[in-house]
Amino acid sequence: MNYKIISYIIGYILLLESAFMLPPTIISLVDHEPCYKAFLLTIVILIILGALLIIKKPKSTLMYASEGFVIVSLSWILMSLFGALPFYLSREIPSFIDAFFETVSGFTTTGSSILNDIEALPNALLFWRSFTHWVGGMGVLVFMLALLPFIGGRSMLIMRAESPGPSVGKLTPKMHTTAMILYAMYIFLTILEFILLLCGGMSVFDSLIHSFGTAGTGGFSNKNASIAYYDSYYIETIISIFMVLFGINFNVFYFIIVKKIGAALRSEELRYYLAIIAVSIALVTLNIHELYNSWFTSFRNATFQVCSITTTTGFVTVDANTWPQFSKSVLYLLMAVGSCAGSTAGGLKVSRVILLVKNFFKEIKHQLNPHSVNNIYYDKKPVESEVSKGVSIYFVTYSLILIISVLLVSFEGRCFETSFTSVLSALNNIGPCFGEIGTMDNFSVFSPLSKIVLIMDMLIGRLEIFPVLVLFYPKVWKR
Amino acid sequence: MNIVIIGSGKFGYVLTEQLSRENHNVTIIDKNGDLLSKLQNLFDVRTVCGNGACRDVQIEAETSQADIMIAATSSDELNILCCLVAKKLGAKHTIARVRSPEYSEQLGWMKDDLGLSMVINPEFSAARAISSIIRFPGTIKKEYFAKGKVELCEFKIGPTSKLRNKSLIELNKQIKQQFLICAVERKKEIIIPQGNFVLNDGDKIYVTSSVDGMAAFLRKFEILTQKIRSVIIIGGSRIAYYLSVMLIKLGIRVQIIELDKTRCIELKSVLKNSVEIINGDGAEQEVLREARFQNADAIVALTDIDEENMIIAMYAQKHGIRNLITKINRRSFHEILQNLGMDNIIAPKVIASAEVVGYVRAIANSSRGTMETLYKLVDGRVEGVEFIVPDKCDFIGVPIKELGIRKGVLLSSIVRKGHVIVPSGENVLEADDSILVITSGIHVNSFYDIFE
């Protein structure tokens with residue numbers, strides 16, 4: 001294993017993180033909040049460590065799949081550990097496990113919080129919390145690839161490990177250009193939402209916070225009541241639209257930019273994604289009508305909640321825990337499916353689900369007629385067996401992790417719905433939980449063991465399992 | 001530049017490696033998705049899976065924006081078709097690999113009428129390289145620049161060489177003609193030597209001079225030991241065919257040993273009585289002895305299997321044959337052979353890809369300070385590049401020692417109005433001079449890259 005290139009890249013990531021911490025530090029200084037000391041100290045630590053690691057450029061930049069995975073998972077873990085320091089050192093979150101939980105929840109764009117009173121936190125920390133969503137959404141390694149093109153040929157190994165989806169491709173021949181284009185589109189959409197939210201009457205700070213939360217499909221708000229605080233149909237609509245937009249494969253946006261609109265709209269994943277959202281909204285509206293008695297209110301709440309859960313964002317306008325079981329079950333299903341590959345959202349990804357279902361039908365045909373040869377098609381092209389196999393194995397691994405995590409979390413004795421949905425929420429990077437803990441409550445009541453399990457699940461979910469699992473495989477570490 | 005390569009086989013691989021390293025935007029088309037993923041993991045390129053001759057696939061690969069389209073599949077016909085489609089879609093230059101001797105006669109027509117910018121025949125290029133080694137034994141490789149006026153020779157200093165333990169200044173005093181030792185490879189390191197550099201046994205040196213100067217140099221230091229009069233080629237491949245034709249013209253006796261009877265008959269019908277064809281397994285000692293291989297001046301191992309070529313060469317070396325040329329495709333084997341003292345290794349794919357890369361570089365810089373030819377030595381670590389000095393540039397009229405030429409770059413010869421000048425620090429550059437520059441480790445793409 002090329003340890004030198006791994007530590008070299010991690011050094012750059014730490015330095016990048018220290019740069020990301022500058023905005024919240026400035027905010028804390030402007031607002032005269034005492035937490036500025038925590039930020040400055042963390043920045044200094046990051047700079048020193050980062051500089052030490054990048055002093056010697058490694059002679060060999062040879063990397064293989066294992067290095068790609070390890071770089072991604074190690075950087076994310078270290079980034080989260082150091083990112084937790086501002087919370088911990090400023091004593092705003094006294095327990096380190098809680099601080100780590102909150103930071104991991106930020107970077108992995110989950111949005112689960114252990115904070116009892118979000119609004120009590122100083123603005124700088126609230127900003128940092130939501131900024132981690134923005135950075136983690138499109139990916140910090142992708143950001144690095146956009147800025148620093150030194151990795152050269154093997155950069156695909158890193159991008160593939162961090163970007164979600166069954167088969168990751170490039171927009172342009174060079175990785176550097178692809179990463180820059182992705183971030184350009186990302187920044188553009190974020191700013192667009194920011195402006196529209198401002199028009200809706202939100203303060204500058206709030207608009208920024210919620211744009212970050214939407215862009216990364218994370219879900220952290222700076223209000224305890226989340227979006228319910230604003231009670232504005234306009235704000236809910238804007239956020240819903242942008243949540244759905246950020247759940248779309250960014251390749252589609254690129255096609256639109258280069259004027260291949262036909263190719264963009266013909267994307268199978270996009271069609272199924274929008275169909276799933278439409279159908280779910282319809283079903284849930286019908287189902288919760290008995291609760292709200294007004295078609296408009298039912299539609300309004302159903303739309304927001306479905307969009308929020310499908311895109312794995314996690315903003316809430318009402319406590320969906322009070323909804324009838326059918327709607328809740330629809331929501332659980334949406335949690336597992338998630339949004340499109342190549343977006344900032346989590347979940348299994350619509351493209352994987354489509355492939356799994358198509359595989360299923362192909363298998364039935366095969367069982368009925370063992371000698372027949374069948375093929376499945378995606379976007380009119382035949383699917384390679386490698387991709388098919390990969391998707392099936394991913395699903396099996398995902399389910400195993402789900403089961404084991406639920407087992408571990410249920411150790412503390414909560415009801416099944418709670419244990420199950422908390423793990424589902426973490427693994428798919430959604431945010432809210434159901435059961436004993438409603439969608440507007442927080443995770444502070446969980447035991448430390450459960451919190452650790454959920455932290456692992458959040459990382460496993462965001463990095464799509466294998467980069468994290470690889471860390472536990474002893475052969476990877478042998479010289 | 002935007003480059004599209006169709007075909008990710010061995011040739012496509014070597015091209016991709018070279019071109020992506022030179023920072024071009026490379027897209028590869030191939031039918032085999034697995035090969036494509038492997039390439040995408042290794043190089044910063046984009047891949048498109050599909051049949052390169054299909055218009056839709058080429059559109060997906062954005063061929064219309066391509067500056068160069070290189071068709072490197074294993075089928076000549078497919079390559080030509082791909083180039084036609086690409087040309088229609090708007091690719092600026094198209095290069096096709098066409099190896100079959102049947103098409104080699106109509107190459108001129110293909111380029112003019114079908115719009116192909118360049119045709120690569122790796123086998124023909126390899127045969128040419130082998131033929132130049134055979135014409136000048138004792139040297140490892142030879143290349144010509146400035147329309148044949150300047151020669152660059154590569155050869156190894158052996159234990160009995162007259163060049164051993166002499167410094168460059170001493171050598172310059174011994175001979176009237178001017179020459180320049182522009183690079184030395186010692187223990188895998190490349191050195192651009194100064195005057196006080198002393199040559200050792202085992203060094204590989206690269207010498208430039210005019211044609212006459214080179215002949216004098218070779219004579220004085222007794223490097224040209226023997227003339228090769230007979231050659232045995234083992235393996236009746238396409239390279240063997242092209243090579244035989246070239247060698248016959250030089251009056252050299254050629255024997256080909258080929259295992260497949262049908263192929264032997266084919267070769268006999270095209271080569272007729274000028275070449276002796278033997279049907280047998282060239283790796284078998286009995287067959288070689290029957291062909292009286294120990295009397296041959298040179299053995300060329302051209303079978304399809306690298307390992308067999310290696311064994312044949314080693315066996316021949318054991319029996320005292322000093323001029324051995326081996327075709328080895330796998331790069332990892334080159335080092336093994338070099339350690340065994342067999343330096344004449346021909347890698348057709350590398351030779352062909354060097355031609356393509358040279359062409360690509362020339363196109364990339366067709367506006368300023370044009371590059372004429374590119375020659376790669378030592379596995380690509382040393383390059384010889386030829387330029388024409390443009391009119392009206394700041395570097396004209398300045399003494400060379402004041403020009404600020406980059407480290408690792410050596411100006412090794414100037415051809416002015418047909419005369420070859422081996423430059424010292426006092427010479428100046430004039431417009432329209434054809435200069436030959438030797439570089440180690442630095443890519444020199446245009447004339448201005450030579451200077452700081």
Side-chain angles (χ1 to χ4, degrees), chain A residues 60-69 71 145-146 148-161 163 166-181 251 254-255 257-260 262-264 266 375 377-390, chain B residues 1-6 8 12-51 54 56-70 91 188-189 332 360 441 443:
Chain A
S60 144
T61 52
L62 277 181
M63 277 198 287
Y64 300 95
S66 53
E67 276 89 353
F69 282 152
I71 286 176
L145 288 172
L148 310 161
F150 61 79
I151 303 207
R154 312 219 172 196
S155 50
M156 195 59 194
L157 293 166
I158 297 183
M159 177 147 198
R160 198 177 280 138
S163 300
S167 52
V168 178
K170 285 188 198 168
L171 299 171
T172 62
K174 294 257 190 66
M175 178 58 75
H176 177 62
T177 333
T178 297
M180 282 209 297
I181 295 178
N251 288 1
Y254 180 68
F255 283 142
I257 294 178
V258 293
K259 307 224 180 65
K260 286 196 200 152
R266 258 179 274 136
N375 214 345
Y377 290 88
Y378 185 80
D379 273 344
K380 304 240 175 70
K381 289 209 210 122
V383 176
E384 294 159 40
S385 62
E386 277 296 311
V387 174
S388 257
K389 248 192 291 177
Chain B
M1 282 211 300
N2 295 327
I3 303 182
V4 176
I5 301 177
I6 302 184
S8 61
Y13 179 99
V14 173
L15 277 176
T16 308
E17 182 181 30
Q18 192 59 39
L19 292 171
S20 67
R21 220 188 277 159
E22 296 195 10
N23 238 339
H24 297 294
N25 287 338
V26 178
T27 308
I28 310 175
I29 304 177
D30 194 287
K31 267 199 182 141
N32 185 334
D34 290 332
L35 270 180
L36 284 181
S37 332
K38 243 189 266 175
L39 278 175
Q40 188 159 66
N41 281 341
L42 290 172
F43 308 115
D44 196 5
V45 297
R46 177 175 56 184
T47 61
V48 173
C49 188
N51 181 354
C54 282
D56 286 339
V57 173
Q58 285 208 16
I59 290 179
E60 195 184 328
E62 291 174 10
T63 308
S64 47
Q65 323 277 10
D67 293 292
I68 304 181
M69 204 286 290
I70 307 172
K188 306 245 168 286
E189 258 203 58
S332 33
V360 169
H443 282 311

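Note on naming: letters A, B, ... go to the chains in the order of the sequence lines (proteins, then strands), and numbering restarts at 1 for each one. The structure displayed is predicted, hence computed values, not measured ones.
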Margin query: Taking every non-hydrogen pair under 4.5 Å, which of A/Glu386, A/Glu384, A/Lys381, A/Lys170 racks up the most with chain B?
Written below: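 Maximum pair count with chain B is reached by A/Lys170.
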Next item on the list: Given side chain to side chain contact (heavy atoms under 4.5 Å, CB included), test A/Thr172 with A/Tyr254 step by step and report yes or no.
Entry: CA-CA 10 Å; A/Thr172 62; A/Tyr254 180 68; 3.6 Å; yes
Check: Is there a donor-acceptor pair under 3.5 Å between the side chain of B/Asp44 and the backbone N or O of A/Lys174?
Finding: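 Not a single qualifying donor-acceptor pair exists.
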Check: About how many Å separate CD1 of B/Ile3 and OG1 of B/Thr63, when rounded to the nearest 0.5 Å?
Finding: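 One gets 12.5 Å once the value is rounded to the nearest 0.5 Å.
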Note to self: Between B/Glu62 and B/Arg46, does any NZ, NE, NH1 or NH2 come within less than 4.0 Å of an OD or OE carboxylate oxygen?
What the structure shows: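 Judged by the 4.0 Å cut-off on N to carboxylate O distance, B/Arg46 and B/Glu62 do form a salt bridge.
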Check: What part of A/Leu171 lies closer than 4.5 angstrom to a heavy atom of chain B: side chain, backbone, both or neither?
Finding: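 The answer is the backbone of A/Leu171.
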Margin query: So for B/Asn2, is it side chain, backbone, both, or neither that comes closer than 4.5 Å to the heavy atoms of chain A?
Written below: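 Interface part for B/Asn2: neither.
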